[in-house]
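One structure below.
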Amino acid sequence: MAMKLYLFALSLCYLPGNFGEVYFPKDMKADHLFPPIVMRFKTESGVPEGHLRPLGYQKKPVGRIKEYKENVYPDTQTFWEEHVNASEPCTFINMTRNSSLTQRWTDKYLLGKYSPVLVDMQNHIHPKFVKHRQVALKVFINNYQEKDYLIDGLIPEEMHTEIPYPIRLLCGKMKEYMQSLSLWMSAGAFSSTLKYKADHSLSCLLDGRRDYVLIHPRERDHMEFVEEPAYSGEGVSKLNTDMISVFKYPKLSKLRWVWTTQRPGDCVFVPAGYLFQVRSYARAVAYTYAWSPTHEFNVSQCRGDVETIVNKTVSLNVSNALEPGDVLGIAKKNFTKLNDTSQKPPTTVVKNSVNITADQVKMLFGFKNGKIVFNRNLNPENVKFILLSCLRKEPLLHAERFQLFINRTFTSEEEHYITPEGVFRVLDPEGRGFLTREEIMSLDGGTLSRVGKYVGKAQYKEPAKHGRYHDEL
């Protein structure tokens, strides 16, 4: 009788449709060993250590990335010099410790306040086979602890008012070139692909645990990276990070890698171009700011940002655990580094912890009503900003990079439209296929106005198979 019941239950799993779907609660434990213990020897069968094991089991890490403990965070100038410009990752321990968001954003709270808000839900059937669906947040929350659903995309703008904008990104070029704010939300154990991004990022964890494997860009060549989408400056490795073949990738046994473990309240900075893989456990919720790399950073530009906050007397939900008068202290700490004695710190002492929330930061991209929105008008100044954002720190802006930006951002329903190739030809009448930084900076207002006008009417048209342009969608 028991065998018959077992066979009947098993048969239900193979019935078509939803009736045959059987789901079980995920393992929500967060007490995993990381980094793994690696023994440097071959087994009796001659199989090297780490074969068919996750990435990181093939060789011990070099060490942990630099960590800044609470109350000893670097000032903005030091953060720029030693991490952003130097492309060195780091962790800020308990950076959002005092933010009520870490306790407030429970599933119950999110359902009560943002239930109908549309989010981009991903169904990870396989790391290389991902389905995207626009669904109400309640659909995701009611299913993600049993099904392979997660959110890894832009945060709906309705939720920006609750998310603190961290003090380390408060000022200057980093704030000016802020691209987006994204959300990660998953349940159980989840392992991402090995990838690199075109923008710098600072990711703050609200709940759960995340382990990072970080690898210097010089190791990229022997890990089968593919630029995806083409010309984007971003890439993903073909490695199966959950099951590494040491025979196929023998150099991984000598791979130099570093690591960090992120817990609620911690924020991790990953530089543009740095290789990283993230493993999430339990109910993991995090938000991430991304901003374009730039060549220069002048801390004096922070003066205006700090004064704006002081003058508005912004009342915060807050990030760093600032004490009364800390904004003045931060300003003094930054401005005393300047040789220009004409620069003076603000003289107003703020009596509250001062910060701003994400809705007060002008980001290039947003997410509203289930759609990505572009948050700038196309006047000459903003067109030049777009070009520099696409260029980042590279010497040349190639036509394909700019065209990719247009394809991702704009669509046109007009009968008569101009192709992205045609838009770039306005900037590059000689047809070289690129612009230098100097050429972008010297573009006249008339040319930039024409480009702004055409960009709004641009529409992607699939090229012939022999063409040099590719569809990134």
Parallel under 30°, tilted from 30 to 60°, perpendicular over 60°: which one fits the rings of [X] and [Y]?
{"X": "Tyr109", "Y": "Tyr114", "value": "perpendicular"}
{"X": "Phe402", "Y": "Phe424", "value": "tilted"}
{"X": "Phe92", "Y": "Tyr68", "value": "parallel"}

I'd like to know whether Leu239 forms a side chain to side chain contact (heavy atoms under 4.5 Å, CB included) with Leu252, so could you lay out the CA-CA distance, the side-chain angles of the two residues, the decisive distance to 0.1 Å, and finally the verdict. CA-CA 11 Å; Leu239 290 177; Leu252 293 186; 4.2 Å; yes

I'd like to know if the side chain of [X] pairs up with that of [Y] as donor and acceptor (distance under 3.5 Å, no hydrogens or angles considered).
{"X": "Thr91", "Y": "Thr260", "value": "yes"}
{"X": "Trp184", "Y": "Ser186", "value": "yes"}
{"X": "Asn123", "Y": "Asp148", "value": "no"}
{"X": "Thr357", "Y": "Gln360", "value": "yes"}

Nearest heavy-atom neighbours spanning [X] and [Y]:
{"X": "Val119", "Y": "Pro156", "answer": "CG1-CG, 3.9 Å"}
{"X": "Val299", "Y": "Gln77", "answer": "CB-OE1, 3.2 Å"}
{"X": "Asp428", "Y": "Gly433", "answer": "OD2-N, 2.7 Å"}
{"X": "Pro229", "Y": "Leu404", "answer": "CB-CD1, 4.3 Å"}
{"X": "Met178", "Y": "Ala290", "answer": "SD-O, 3.4 Å"}
{"X": "Met363", "Y": "Ser180", "answer": "SD-C, 3.6 Å"}

Suppose we screen for side-chain hydrogen bond (donor to acceptor under 3.5 Å, both in side chains). Which residues come up paired with [X], at least two apart in sequence or across chains?
{"X": "Gln277", "value": "Ser191, Thr241, Arg279"}
{"X": "Arg425", "value": "none"}
{"X": "Thr261", "value": "Asp211"}

Would you say the side chain of [Y] lies within less than 4.5 Å of the side chain of [X], judging by non-hydrogen atoms?
{"X": "Thr409", "Y": "Phe365", "result": "yes"}
{"X": "Gln179", "Y": "Ser389", "result": "yes"}
{"X": "Trp105", "Y": "Met159", "result": "yes"}
{"X": "Tyr196", "Y": "Pro217", "result": "no"}
{"X": "Tyr177", "Y": "Phe385", "result": "yes"}
{"X": "Leu443", "Y": "Leu387", "result": "yes"}
{"X": "Thr96", "Y": "Tyr287", "result": "yes"}
{"X": "Glu88", "Y": "Ile65", "result": "no"}

What about Tyr231 and His398, are their ring centers closer than 6.0 Å?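 No, ring centres 6.0 Å or more apart.
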
Aromatic contact, Tyr281 with Phe190 (centres under 6.0 Å):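 Ring centroids of Tyr281 and Phe190 are no less than 6.0 Å from each other.
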
When you look at CZ of Arg133, are more than 12 heavy atoms from neighbouring residues, nucleotides or ligands closer to it than 6.0 Å?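 Result for CZ/Arg133: open.
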
How about CG on Leu111, more than 12 heavy atoms from neighbouring residues, nucleotides or ligands closer than 6.0 Å, or not?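 For Leu111, atom CG is crowded (more than 12 foreign heavy atoms under 6.0 Å).
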
[X] side chain to [Y] main-chain N or O, any donor-acceptor pair under 3.5 Å?
{"X": "Asp120", "Y": "Gly153", "value": "no"}
{"X": "Thr193", "Y": "Lys195", "value": "no"}
{"X": "His200", "Y": "Ala272", "value": "yes"}
{"X": "Trp257", "Y": "Leu55", "value": "no"}
{"X": "Asp266", "Y": "Ile93", "value": "no"}
{"X": "Gln122", "Y": "Asp152", "value": "yes"}
{"X": "Ser192", "Y": "Val278", "value": "yes"}
{"X": "Gln262", "Y": "Ser203", "value": "yes"}
{"X": "Asn407", "Y": "Gln403", "value": "yes"}

Give, for atom [atom1] of [X] and atom [atom2] of [Y], the distance between the pair rounded to the nearest 0.5 Å.
{"X": "Ser237", "Y": "His222", "atom1": "OG", "atom2": "NE2", "result": "10.0 Å"}
{"X": "Leu396", "Y": "Ile440", "atom1": "CG", "atom2": "CD1", "result": "9.0 Å"}
{"X": "Leu181", "Y": "Leu202", "atom1": "CG", "atom2": "CG", "result": "11.0 Å"}
{"X": "Lys173", "Y": "Thr294", "atom1": "NZ", "atom2": "OG1", "result": "6.5 Å"}
{"X": "Leu137", "Y": "Glu158", "atom1": "CG", "atom2": "CD", "result": "10.5 Å"}
{"X": "Leu397", "Y": "Leu388", "atom1": "CG", "atom2": "CG", "result": "9.0 Å"}

Audit row: Phe79, Asn85, side chain to side chain contact (heavy atoms under 4.5 Å, CB included) steps and yes/no: CA-CA 9 Å; Phe79 174 53; Asn85 199 42; over 6 Å; no

Once salt bridge (charged side-chain N to carboxylate O under 4.0 Å, His left out) is applied, what residue pairs with a partner in [range] remain, sequence neighbours excluded?
{"range": "residues 438-448", "value": "Arg432-Glu439"}
{"range": "residues 366-395", "value": "Asp199-Arg392, Glu394-Arg401"}
{"range": "residues 213-231", "value": "none"}

Can Glu162 and Arg104 be counted as an ion pair, charged N to O under 4.0 angstrom?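 Judged by the 4.0 Å cut-off on N to carboxylate O distance, Glu162 and Arg104 do form a salt bridge.
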
Applying side chain to side chain contact (heavy atoms under 4.5 Å, CB included), run through Phe374 and Leu364 and close with a yes or a no. CA-CA 6 Å; Phe374 183 69; Leu364 197 59; 3.5 Å; yes

Test ring-ring contact (aromatic ring centres under 6.0 Å, His included) on Phe34 and Trp259 and set out the steps. CA-CA 9 Å; Phe34 187 82; Trp259 66 281; 5.8 Å; yes

As a quick check of understanding, evaluate side chain to side chain contact (heavy atoms under 4.5 Å, CB included) for Val426 and Tyr454, giving each step before the final call. CA-CA 9 Å; Val426 175; Tyr454 292 147; 3.7 Å; yes

